[in-house]
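The analysis underlying the following values was restricted to heavy atoms, covering all of them including side chains, and did not include hydrogens, waters or symmetry mates. Keep in mind the model is a prediction, meaning the values are calculated, not measured.
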There are 2 protein chains.
Amino acid sequence: MPEYSVVGKPLPRIDGKVKVTGQAVYAADLALPGMLYGKILRSPYAHAKILNIDTRKAEKLPGVRAVVTGRDFPGIPFGHMPFTRDQLPLAMDKVRHVGEAVAAVAAIDEDIAEEALDLIEVAYEELPAVFTAEEALKEGAPLVHDRKDGNMLFKANYHWGDVEKGFAQSDYIREERFQTHRATAGFIEPHAVLASADASGRITLQASKQSPYITWRHFCRAMDLPLSKVRIINPYVGGGFSGKHEPFDLDFAAARLSQKTQRPVKIVLNQDEVISFYKQRQHKKSLMKIGAKKDGTLMAVDCKVLAEGGAYANQTAFELWIFCNYTNFPYRLPNLKFEAIRAYTNNIPSGTIYGHGGLAGRYVYESMLSIVADDLGIDQLEFRLKNALRQGDTTAHGQAVDFVTVDQALKQVAEGIQWEEHKANRKPYQGVGFSSVIHSPGTRMGGHHSSTSLVKVVEDGTISLITGCTELGQGCDTILAQIAAEVLGLQLDDVSVATEDSDGAVLEAGMFGGRGTPIGGVSMLKAAEDARMQIAELAAEELQTAPENLEFRDRGIYIKGKDERAMSFQDAARLAYYKKGIPVYGRGYYHIPDVEVHDLYGGGGGRSAKGWASAAHAAKVEVDPETGHVKILKSVGAVDCGQPLNPLLLAGQEEGSMAFAYGLALYEDTKIDEKGRPLIRSLTDYKLPTAAEGIDHTSIHIINPSPYGAFGAKSGGEIFSLLGAVTIANAVKDAIGVRIMDIPLTPEKILKALKEKKDKEAA
Amino acid sequence: MPEYSVVGKPLPRIDGKVKVTGQAVYAADLALPGMLYGKILRSPYAHAKILNIDTRKAEKLPGVRAVVTGRDFPGIPFGHMPFTRDQLPLAMDKVRHVGEAVAAVAAIDEDIAEEALDLIEVAYEELPAVFTAEEALKEGAPLVHDRKDGNMLFKANYHWGDVEKGFAQSDYIREERFQTHRATAGFIEPHAVLASADASGRITLQASKQSPYITWRHFCRAMDLPLSKVRIINPYVGGGFSGKHEPFDLDFAAARLSQKTQRPVKIVLNQDEVISFYKQRQHKKSLMKIGAKKDGTLMAVDCKVLAEGGAYANQTAFELWIFCNYTNFPYRLPNLKFEAIRAYTNNIPSGTIYGHGGLAGRYVYESMLSIVADDLGIDQLEFRLKNALRQGDTTAHGQAVDFVTVDQALKQVAEGIQWEEHKANRKPYQGVGFSSVIHSPGTRMGGHHSSTSLVKVVEDGTISLITGCTELGQGCDTILAQIAAEVLGLQLDDVSVATEDSDGAVLEAGMFGGRGTPIGGVSMLKAAEDARMQIAELAAEELQTAPENLEFRDRGIYIKGKDERAMSFQDAARLAYYKKGIPVYGRGYYHIPDVEVHDLYGGGGGRSAKGWASAAHAAKVEVDPETGHVKILKSVGAVDCGQPLNPLLLAGQEEGSMAFAYGLALYEDTKIDEKGRPLIRSLTDYKLPTAAEGIDHTSIHIINPSPYGAFGAKSGGEIFSLLGAVTIANAVKDAIGVRIMDIPLTPEKILKALKEKKDKEAA
């Protein structure tokens, strides 16, 4: 194992101090001279025609500077793929869900803007609405969109191997239904934007976006603007969890209001609006049929999914592809069939949320595997180890996986959770659950999929990084700084990370799927290497040696084999700028090599990037039979994300993922009334786990460097979000002896299950 | 002459619309959450010991967040050269001029900050002060600084050739005394800064600076911080005229107040403060002795200068070197002796102001030449043409000059002003004056002297420029955009210029001496060429040809010799990003080639950059004998700045320079009372020319491309500021028959001169 001086160390995050002191600037903190405040008027109906919007009274209110409606936009829908471009900046002819934006106001203060909303008169004609996938797909159901496939947005039909043959060869077949629920992304910082249009025709958008690139493209499409007429400056982001990829009504409204008034316009939502009306996890009903040999060898999986994703497509079709992947990862399976339908309804639109697709896939499959193991009388751990993918295996859908260490991870979490002791010495209402997964380090998608970094050497021997990666709390600024510092023999304190700005940086495709380190990290590595090479050439000339004889460490340049420093890095920087007149900019770019673009919607194979991360999770829970409350006694995660670049940050992400999964497994849910109106509208009612839960979690890092990543790093961030929920579901089953098919495992459901079990035992 | 499609066109400036609509953001417009407002307490004394500063009452005023004094800084003086580092952020032990900052307050609003200033109790012990160079240099004069040379900051003593021999060979010798006066820089936007220190130890400085690099270095030195702990973001600057190179008290005060409070602190001065207490042009008394042959051949110049530059050095020593240069440019002269002394006094500090040194040099020399021509009975034009430097000549101080066209320029302005007709048909109180000059396209100075540019190709086929040049109204953003657009076959509308930010850009050494186009322009040219090469390689592969077969024009890529477009530039950009995954960043840097660094203070030769610009100016004035008022009837300028990249912007700079010179020649002046207190303290009393003056100016462009500049460009901005004042002085002499040796040529002086002339004629 190579010795690193910055990489691999548990260093505190470089943005830590400004964040804990409250100094970090988020979108809502921004201000510009002459700035106006915007507010959004929302539909009270789930489905209605907009007959007329009369904004005259609102416009006349003193302090109001402009009002916009859907008619102020070009009517060009945006979305990720041609067939998912179904959304307009603000509703135009009809509204399709409660809370959909129909108008927006800019005024000199927030109170006046709020007051003006009440003066906008919207004439609606209410339409019949649909709220479940089943209703929506019925013949003659009210149409959410006017499309030839009615309310069916997308149908997936994938088949690898021959499931019929697989079932025929099975000794054992079982079929079960599962449900995974709607939930919000749960970020701390609500959506916020400051748009500033100017007389040159350019708009600067400073918004809370985890994927400003996606926002940029969608925004420009729907505004009918070339990319260059929009500048994206991304402030710090207070969490995204895949809830902040795309532009929302507020971004469009602020921009158009700013264009109309020629003044900057800021719109900041509150958490109630976010929880009530913005992107939720897709609701999915799954029917899984599985076949296995008596010895536990998995033979076939047939999975059917019915997905209810609300009024607009977003990335919900892509989610079903991911779901499919995760109905076989990380276990060997020769035959897989997967069918899924995504229905439009008049609910809040769904889309990407942390663990997108994978979480539900793992939930269904790891639940099913636990059932099979129990049915076949095979130990849960042994059963998983038997089927786990090994190095060089190919998944059911033809994806070659490399660098997998699922078996190691499973063994380590079993040891950590004391599986043998648990089995030997079972205590009432205590249970242990397992799950495991592999995760791809980024995929190629539409738009650009490469990463570009620049390293600017400053004359004082420090460096400044220009990156298109977004710091949304995950720590990418720190990781990139560690990579660049290591390459140049510097310390973390020698590195600044520039504000993400589309005028200077090539924005990353987005911060999703754990792309930051494996993709952004490699381009930063290359940029730092390029800078090192430039400095080495100048220093070598001065030191009368060859550049390849030089080593960079301890803020200095050394001639190989000599202990004495030949030149400080600072002197080399001064040499470049002052003596040679040569400024140093290292430039690096990276795109995923040797990987085909996914044929996402055609049922094809495609491959994700190389250098897979592996993880396993085990948790021990105790169920209170009186209250139905589940307490997590212990949680152990093992992850092989190659070389962990910063074990402290990695542990932070793991613990965050755990808390996230805990919330999904036990608490979070949404509810609507008969008119599609959300019943849970604030954090008072929407329960999220907090630090008070105090999960006892242990992180184990398996260090198995990948040649594709910077210093051997793979993807480590999102992986546990895929596992936590099903681990807990499996543990609860182990604790109470019955399985609840639908998360969240609320006290009500648990008490009901315990009662039914008791009744059955009594019967 | 090559045909260009963007370069050389009179295109409107790209920042024009946002500026005329008031949307452009200047430092005073900036705001950050939690921002405090700072105010500065100034010394009422020109020279006094600071015995004590009691800030307790001010600190207790509700709303005050912090107070700082000189004691809050490390006591490290800043300045350009080691021997000119004489200034502290705020005064520490004594004050050396009226208005020197002694303390600063940060409060929640401006009124409270202002009120707090009154509560700061400063105990002074007043010291005897000196206000003229003569007083200052007297034996036993009060010392401004405790230095071994007393009040003599610097003594220049340059001698080339042999002036004694030159005078011996002369048929004619004359000696005259001249005075050039103190004046303010006259920018519209007062000094302003927003400093934001954060818990990570970093300070972001957003200030109105025309040379943020100089500010950065001086600031970091005096704050004892590495460069990387200070980030410079430069907003638009509302004019600089060399008055905004360095950090001032407000920059230091805002930064330290921000560090103390951990909140952003903004300090915005008003024009009264700027006019009263900030950098003024150096006052200079010159004694020039000149020798010539009867035929007008110049033989020798001996020039002695006594400069009064106030309490701190700034760049006033360097100014004397420039002054020296311009006592022979642009005429042949075999022997030159130059002696100068810069004295410290207790006046407002002097420093760089537009035309720094050169203006005074030209004033003295072109005045003297007019006197010589009159004395020898040689036509003013003929006399200048006879002596004008020609291509391949070397100046008196050994500077080889290339690309000079002074003779052409002189002939053209003479024609434009109708010199022959004027002479043939003289009208009472009307006069014509001439002057000419050559100007170097940038020099190398301390710190880095190169220029770095980046061109980022955006996926929509547009480009974004990253430059360290500062847009201060001179139009550099537009010029750089034209250069990059021309190289890549794009239009001006396809170019964005990123905000100047030290985290991304390598800041230029500074915007002075007309460096922007000749230095920054070349690095931008190279960056665009680099981007073109990268795109050409990708496109050539696609088009199955060689990159060198491709031409870039009309937003497209053409195979040489074919009229049909092979690929649009946009498609090439998409090819790079989407298909190849290769983002395109062009990188260019430039440093002045084959040029020695000036031995500025040792009397050595040194050379400036190559590719000299030439200019001549002629003006016709009419003097009102009743009021003494001078009206400029007509002004004609001819400039050879190589290829003018944008004739509209060039004409704008010329007209600005004219107005500037007009003000200096006729109106602007400063006055102090017996205690060194400024008597002219606002724009009400300080007269600047405005558009109402309505000068009838004609610009003539001599197109004589230089191989050193982008598309043949040389330096064109500052050149007329060197000429206008002396042209008018010469014209006034021509009009009234007597010469006034000291500008400004106020009505009082003119009436007095007319009266003296009349009295003499009567006698």
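- In plain terms, the two heavy atoms of B:Val18 and A:Ser200 that are nearest each other are CG1-N, 3.9 Å.
- A donor atom on one side chain and an acceptor atom on the other are found under 3.5 Å apart for B:Ser496 and A:Arg202.
- Formation of a donor-acceptor pair under 3.5 Å by the B:His591 side chain with backbone atoms of A:Lys580 is found in this model.
- Residues A:Ser450 and B:Ile582 come closest through the heavy atom pair OG-N, 4.3 Å.
- Between the A:Lys456 side chain and the B:Ala505 main chain, a donor and an acceptor come within less than 3.5 Å of each other.
- Listed options A:Thr462, A:Asp198, A:Val457 were ranked by heavy-atom pairs under 4.5 angstrom with chain B; first place goes to A:Asp198.
- Considering only heavy-atom pairs separated by less than 4.5 Å from chain B, the leading option among A:Ala199, A:Ser464, A:Ala498 is A:Ala199.
- Both the backbone and the side chain of B:Asp493 come within contact range of chain A, each with at least one heavy atom under 4.5 Å from a heavy atom of that chain.
- Taking CD of B:Glu459 as the start and OG of A:Ser502 as the end, the distance is 10.5 Å to the nearest 0.5 Å.
- Heavy atoms of B:Arg231 lying under 4.5 Å from chain A belong exclusively to its side chain.
- Contact record, B:Tyr589 with A:Gly581: CD1-O, 4.0 Å, taken as the closest heavy-atom pair.
- For A:Tyr585, the parts sitting under 4.5 Å from any heavy atom of chain B are the backbone and the side chain alike.
- For B:Thr21, the part lying near chain A is the side chain, with the backbone staying farther off; criterion is any non-hydrogen pair under 4.5 Å.
- Interface remark: of the candidates A:Met35, A:Gln262, A:Lys19, A:Gln262 forms the most heavy-atom pairs closer than 4.5 Å to chain B.
- Taking each heavy atom of A:Leu227 and B:Val458 in turn, the nearest pair found is CB-CG1, 4.2 Å.
- Ranked by heavy-atom pairs under 4.5 Å with chain B, the list A:Leu32, A:Asp501, A:Val584, A:Thr499 is led by A:Thr499.
- Around the NZ atom of B:Lys17, the shell of radius 6.0 Å holds no more than 12 heavy atoms that belong to other residues, nucleotides or ligands.
- Counting heavy-atom pairs closer than 4.5 Å to chain A, the top-ranked of the candidates B:Pro226, B:Ser196, B:Pro583, B:Ala31 is B:Pro583.
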